[in-house]
Colleague: 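Please find one structure pasted underneath; my questions will follow.
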Amino acid sequence: MADIVDNKDRTDKKSLNFIESIVERDIKDYPENKSILTRFPPEPNGYLHIGHAKSICLNFGLAEAYGGKCNLRFDDTNPETEETEYVDSIKEDIRWLGFDWENREYYASDYFDRLYDFAILLIKKGFAYIDDQSAEEVSATRGTPTKPGIESPYRGRPVGENLDLFERMKNGEFPNGSKLLRAKIDMSSPNMWLRDPALYRIKKVSHHRTGDAWCIYPMYDFAHGQSDYIEGITHSICTLEFEVHRPLYDWLLDHIAEGPRPHQYEFARLNLNYTVMSKRRLLELVNGKYVNGWDDPRMPTISAMRRRGYTPVSIRNFSERVGVAKRDNIIDVAFLEHAVREDLNKIAQRRMAVLDPVKLVIVNYTEGKVESLKARNNPENEEDGFREVPFGRELYIEREDFMEDPPKKFFRLVPGGEVRLKYAYIIKCEEVVKNPETGEIIEIRCSYDPDTKSGMTGSQRKVKGTIHWVSIDQSIKTEVRLYDRLFIDEDPAGKKDGTDFKDYLNPNSLKILKDVPVEPSIIGAKPLNKFQFERKGYFCLDPDSSSDKLIFNRTVTLRDTWAKKK
RNA sequence: UGUCCGAUGGUGUAACUGGCAACACGUCUGAUUUUGGUUCAGAAGAGUCCAGGUUCGAGCCCUGGUCGGACAACCA
């Protein structure tokens, strides 16, 4: 990971985000051999997205920076929504991003026995009770943020009875929803989470890891903090919506923990414009077939970004640069795109492909002759060397690279004008052949100057533009998928006018191009290999490709100041 | 009429114990360029939500507002 841009050199006084400041404050008091322990705690009920990537980079990055460790812990306390498929995808994504949790792969479900014991401890201390009210009653008596709740009639149940009932809950004696273990705190607290929150509920559902061993499962609030405590987490970092849970997090630990305890800190989650980030909405897009699965390259999931051609380095750089703070934010996708271009520019080999081809014939070039031209693989990295590109009398060029009536600053091919064919010759447009019926240009006829072959002194001649091309006879036909933003609105999910986020889906977010000619050196490309198609953008070989059908995903276009002028 | 959190160029973050607003993206010039890419040089753009106060001095501290967000699943 040496190629991560290191703008976080701790030897000089770089500015710290507020969490780093907290860590630096805390480690001052640590003994020599001790450091921080963080954790990334995903719930395996969906795929990870770019927002999770930020959290992963934060938690693992903090550990890395301060000589600590970061655990991977699955928060698997709700078997109804959790699946092994998600566990696997999450592990793959974290690994791909370049982080290693070594042997510290934990599950809240590993702690079900201890959590159960903690619950008994709480009951014995008189801090928890079994409530026989229905979910509706519990909800109705909770009050509102401005009105206090009403105490449950079962609140005063004796400890012995609570203990007995809790055990029988565990043994499966009661139906789902008939009983609930609640903390006994304060039904009139202004903090809703302190109004006797649920700790354990009955759910006769088999769990993806513990099977049918349990029919009661701990709630998030009871599982999370206690798991942090069990693992010896020092800094438990989560997003802002858990801020109101912190008093409960601390309350539980107050009554359970002995010795060193974890502390929770909250930061503002990452938001990106022109997309949605909640798992619920992403799941809706997947289930409703608005996209082709979790890894559809238009999705903001890590697996989708991987398939689209993003690199781990680019995502890590991005995550680092967006910063960590507590105020709400919406990051411009352009910022993300800048991060990929920056990395891809350095590592992607260049190839020529013509996305919207028009035939070009070089009238004075010998028929049937094929030359092999040398082309640099990557001007940003000389070690990538050269490849051979076949050149012949009939080529494809980009339709938009020719104009009969060009605007002032157009410096591509025009009637009677000259242009350089990259790596090849300077050509001059002599004639345009059109379909007499439609007026569509079907062929551009040019002459070439044999003295202007790249590398020859004649090639020094100044021409106004250089365009890319592909020799028709030697070209490989491929499929190219052009992606655009999934939504036409910056904040599709933030509407208060009753519209649904799906109302803002971009109907042109995917455009499939068939039979795109690419230079033959593309043969042998492997899934996820990244290329820059000269002047067009960065592309990545889709894993759905086969040896006789290559499919490319456009990761991102090149910066295009010309397109902006138009 | 509750509690908690937040507010700095278009966007995102900085500004160490108060010392005269910085960096990145974006935008706009210009140079270089066999990618209208990259690179390089430069510019514009905020006076820090508002009103008071403390201070020689406030984005940082205090008071009161305003605006935004979170919280009323047996979800996490």
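Keep in mind that the numbers below use all heavy atoms, side chains included, and drop hydrogens, waters and symmetry copies. Residue numbers start from 1 in every chain, and the chains themselves are labelled A, B, ... in the order their sequence lines are given, proteins ahead of strands.
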Colleague: Does a side-chain N or O from A:Ser189 land closer than 4.0 Å to OP1 or OP2 of B:U3, or not?
Modeller: no
Colleague: Is the base of B:A73 syn or anti, where syn means the angle lies within 90° of 0?
Modeller: syn
Colleague: At what distance, to the nearest 0.5 angstrom, does CD1 of A:Ile202 lie from CG of A:Leu180?
Modeller: 8.5 Å
Colleague: Report yes or no: is the ring centroid of A:Trp562 under 5.5 Å from the six-membered base ring centroid of B:G36, with the two planes under 30 degrees?
Modeller: yes
Colleague: Under 4.0 Å, counting only non-hydrogen atoms across every strand here, what does A:Thr561 touch: a base, just sugar-phosphate, or nothing?
Modeller: sugar-phosphate
Colleague: Does OP1 or OP2 of B:C75 have a side-chain N or O of A:Arg201 closer than 4.0 Å?
Modeller: yes
Colleague: Only one of A:Tyr448, A:Tyr423, A:Tyr425 passes ring-ring contact (aromatic ring centres under 6.0 Å, His included) with A:Phe391; say which it is.
Modeller: A:Tyr425
Colleague: Give a yes/no on whether any side-chain N or O of A:Lys464 is located under 4.0 angstrom from OP1 or OP2 of B:G36.
Modeller: no
Colleague: Looking only at side-chain N and O atoms, does A:His468 come under 4.0 Å of OP1 or OP2 in B:U35?
Modeller: no
Colleague: Do any side-chain nitrogens or oxygens of A:Arg321 fall under 4.0 Å of OP1 or OP2 in B:C23?
Modeller: no
Colleague: OP1, OP2 of B:A76 versus side-chain N and O of A:Thr77: anything below 4.0 Å?
Modeller: yes
Colleague: Could a donor-acceptor pair under 3.5 angstrom be found where the side chain of A:Arg350 meets the base of B:U35?
Modeller: yes
Colleague: Between A:Lys564 and B:U27, does any side-chain N or O lie under 4.0 Å from OP1 or OP2?
Modeller: yes
Colleague: Of the options B:U38, B:C25, B:A7, whose atoms approach the side-chain atoms of A:Arg327 most closely?
Modeller: B:A7
Colleague: Are A:Glu231 and A:Arg73 within salt-bridge range, i.e. N to O under 4.0 Å?
Modeller: yes
Colleague: Given that A:Ala198 and A:Trp193 both sit by RNA chain B, which one's nearest nucleotide is further toward the 5' end?
Modeller: A:Trp193
Colleague: Just how far, in rounded Å, is P of B:G12 from CD of A:Glu337?
Modeller: 17 Å
Colleague: Nearest whole Å is fine: how far is B:U13 C1' from A:Ile19 CD1?
Modeller: 14 Å
Colleague: To the nearest 0.5 Å, what is the distance between CD1 (A:Ile427) and CD1 (A:Ile397)?
Modeller: 6.5 Å
Colleague: Under 3.5 Å, is there an N or O donor on one side and an acceptor on the other linking the side chain of A:His245 and the base of B:A70?
Modeller: no
Colleague: To the nearest angstrom, how far is A:Asn273 atom CG from B:G26 atom C1'?
Modeller: 12 Å
Colleague: Is there, by distance only and without an angle test, a donor paired with an acceptor across the side chain of A:Arg341 and the base of B:G37 below 3.5 Å?
Modeller: no
Colleague: Taking NZ, NE, NH1 and NH2 as the nitrogens, is one of them in A:Glu398 or A:Arg535 under 4.0 Å from a carboxylate oxygen of the other?
Modeller: no
